[in-house]
Number of protein chains: 2
Amino acid sequence: MKVSTAIALQRLQPEAVGMPMYRAVKRELLRAIESGAVAPGDALPAEAMLAQQMGVSVGTLRRAVDDLVAEHIVVRRQGRGTFVAMHGSERFLFQFFHVERSDGLRQAPEVELLSFEKSRLDDEAATALGRRLGEPCLQIENRLRLQGRPVVHDRLWLPALLFRGLTEKRFRERPSTIYHLYQTEFGITVARAHERLRALSADRHAARVLGVAQGQAVLQVRRVALDLGAQPVEWRISTVATAQHDYVNLLSRPV
Amino acid sequence: MKVSTAIALQRLQPEAVGMPMYRAVKRELLRAIESGAVAPGDALPAEAMLAQQMGVSVGTLRRAVDDLVAEHIVVRRQGRGTFVAMHGSERFLFQFFHVERSDGLRQAPEVELLSFEKSRLDDEAATALGRRLGEPCLQIENRLRLQGRPVVHDRLWLPALLFRGLTEKRFRERPSTIYHLYQTEFGITVARAHERLRALSADRHAARVLGVAQGQAVLQVRRVALDLGAQPVEWRISTVATAQHDYVNLLSRPV
DNA sequence: CCCAATTTGTTCGTATGTATA
DNA sequence: TTATACATACGAACAAATTGG
């Protein structure tokens, strides 16, 4: 694991910016992370070093990092350093996967690839991704199992321009989560997402994949995933069989 | 609006507590708010005053208040003060109401009371509320309209012991949201909630209330609302007609 | 096992800026 | 205008966790 001792950073002048210093510092750090100057998993330079480089006090630097921590963009470890957050199963489960068994049992799903093909963005996907209709994309279909049972059917649309060189083989042989693959192989970090949920009747395809009766009520989750710069990078429609599982949402978890 | 100039607060000794001072300060402030020493809408004493009373620096005091702000328990207003957060339509919409029209239009619902009766907790409600089976409760049924259309059917279970003296008249004639009523009339502040969502087929009752076909897929939201001390105070089952509306969830909103 | 160096975590105090009444 | 309150920024000291010798 690389430890950055110094990275290219702007020295900030007080008042030169129309915002508080700690905001400018945050933007500068974000820029360095987005640009790849510090890769996921790497440690940032120490706080004292960063503060000196950018010409601000340690307190101001920490204020900026506090924000990045709150957004899960970096993680602090006392005695070790501050690291660019990496996507892995823990974070996936915590931040991006909301389905668990009705009795509260929470486990990582087993993912099974159903299909992988080059395609073009339809109207809905193009709109969601803020891209042009008909733009080339990769379309991927997964089935997720929990406790051995098929529970989620995922369909993903990825703009081909953002994922150049992604093949079925590379996708299938990823060592960790999908978002980990985006991050390590394509420099795309999913920072947050918007989801819209609705109930509908399972169509023939979804029913077959999930092993439920056609017409059965299922939960549909439509997600746009955004990168660090808030640019849409993935459009996903998940269908969830909620006979024995729930979609869980915690409103205002305690700190 | 009352402005507290001094409230009963413990003076904290460093090291006397097995946690950082700012955590102890936060707990002490929470205690004061829970006890009603500062009522919702009231201003806390100024930061300098609080810091002096509790024997900590302003920086430490602010660190504690930062946490309370993040949890929406208090709100700061520069130049005015720090206020105990009040439940109102804005907060309701922002934190506890997740249904909006599919095109993204977000409005406060019109609420219509369908029934109000004294009852007893069934197994499911008792479990959710952490109370004994058969304990007296109030059971309330509402219909919520968005853009004139019936969209949500709510059933609420309230432990009678926590809402003594709540009558249909008082409930019906509340001037604002339900959570505002809990807060102002019963000293119960809903601070957060857990929700579990699933899809199912509308039963006859829900279908009639929402004006959809029986057997139509609808979204069911089961919510436990917790007060400041994390005690369950309300159990609610909402049924949402998602033909033209969605349940919206923002994962990691930016700060 | 202990020590020393490094890094983040906590706490203090002070000064100045900005918004409000 | 003045006073008050929160917001930003600085600098310093020590505590706690980690790592490597």
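So you know, we letter chains A, B, ... as the sequences are listed, proteins then strands, and number each from 1. Atom set for the values below is all heavy atoms of this structure, side chains included, hydrogens, waters and symmetry mates excluded. In this text the structure is predicted, and so the values were computed from the model without any measurement.
- Among residues two or more places apart in sequence or in another chain, the side chain to side chain contact (heavy atoms under 4.5 Å, CB included) test is passed with Glu112(B) by Leu114(B), Arg143(B), Arg145(B).
- Rounded to whole Å, the distance from CG on Leu61(B) to C1' on dC12(C) is 13 Å.
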Tell me which donor-acceptor pairs under 3.5 Å the side chains of residues 66-76 of chain A have, and how far apart each pair is, sequence neighbours excluded?
{"residue": "Asp66(A)", "atom": "OD1", "partner": "Arg76(A)", "partner atom": "NH1", "Å": "2.9"}
{"residue": "Asp66(A)", "atom": "OD1", "partner": "Arg76(A)", "partner atom": "NH2", "Å": "2.9"}
{"residue": "Asp67(A)", "atom": "OD1", "partner": "Arg63(A)", "partner atom": "NH1", "Å": "3.3"}
{"residue": "Glu71(A)", "atom": "OE2", "partner": "Lys26(A)", "partner atom": "NZ", "Å": "2.8"}
{"residue": "His72(A)", "atom": "ND1", "partner": "Ser252(B)", "partner atom": "OG", "Å": "3.2"}
{"residue": "Arg76(A)", "atom": "NE", "partner": "Glu47(A)", "partner atom": "OE2", "Å": "3.4"}
{"residue": "Arg76(A)", "atom": "NH2", "partner": "Arg62(A)", "partner atom": "O", "Å": "3.3"}

All N/O pairs under 3.5 Å across the protein-nucleotides 5-9 of chain D interface:
{"residue": "dC6(D)", "atom": "OP1", "partner": "Thr82(B)", "partner atom": "N", "Å": "3.4"}
{"residue": "dC6(D)", "atom": "OP1", "partner": "Thr82(B)", "partner atom": "OG1", "Å": "3.3"}
{"residue": "dC6(D)", "atom": "OP2", "partner": "Glu47(B)", "partner atom": "N", "Å": "2.8"}
{"residue": "dA7(D)", "atom": "OP2", "partner": "Arg62(B)", "partner atom": "NH1", "Å": "2.9"}
{"residue": "dA7(D)", "atom": "OP2", "partner": "Arg62(B)", "partner atom": "NH2", "Å": "3.0"}
{"residue": "dA7(D)", "atom": "OP2", "partner": "Arg76(B)", "partner atom": "NE", "Å": "3.1"}
{"residue": "dT8(D)", "atom": "OP1", "partner": "Tyr22(A)", "partner atom": "OH", "Å": "3.0"}
{"residue": "dA9(D)", "atom": "OP1", "partner": "Met21(A)", "partner atom": "N", "Å": "2.3"}
{"residue": "dA9(D)", "atom": "OP2", "partner": "Met21(A)", "partner atom": "N", "Å": "3.3"}
{"residue": "dA9(D)", "atom": "OP2", "partner": "Tyr22(A)", "partner atom": "N", "Å": "3.2"}

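- Every side chain to side chain contact (heavy atoms under 4.5 Å, CB included) that Thr167(A) has, sequence neighbours left out, goes to Lys169(A), Arg170(A).
- Scanning for side chain to side chain contact (heavy atoms under 4.5 Å, CB included) contacts around Ser102(B) gives Arg198(A), Asp246(B), with sequence neighbours left out.
- For Arg106(B), the side chain to side chain contact (heavy atoms under 4.5 Å, CB included) test picks out Leu93(B), Glu100(B), with sequence neighbours left out.
- Whole-Å rounding puts the Gln52(B) CD to dT14(C) C1' distance at 16 Å.
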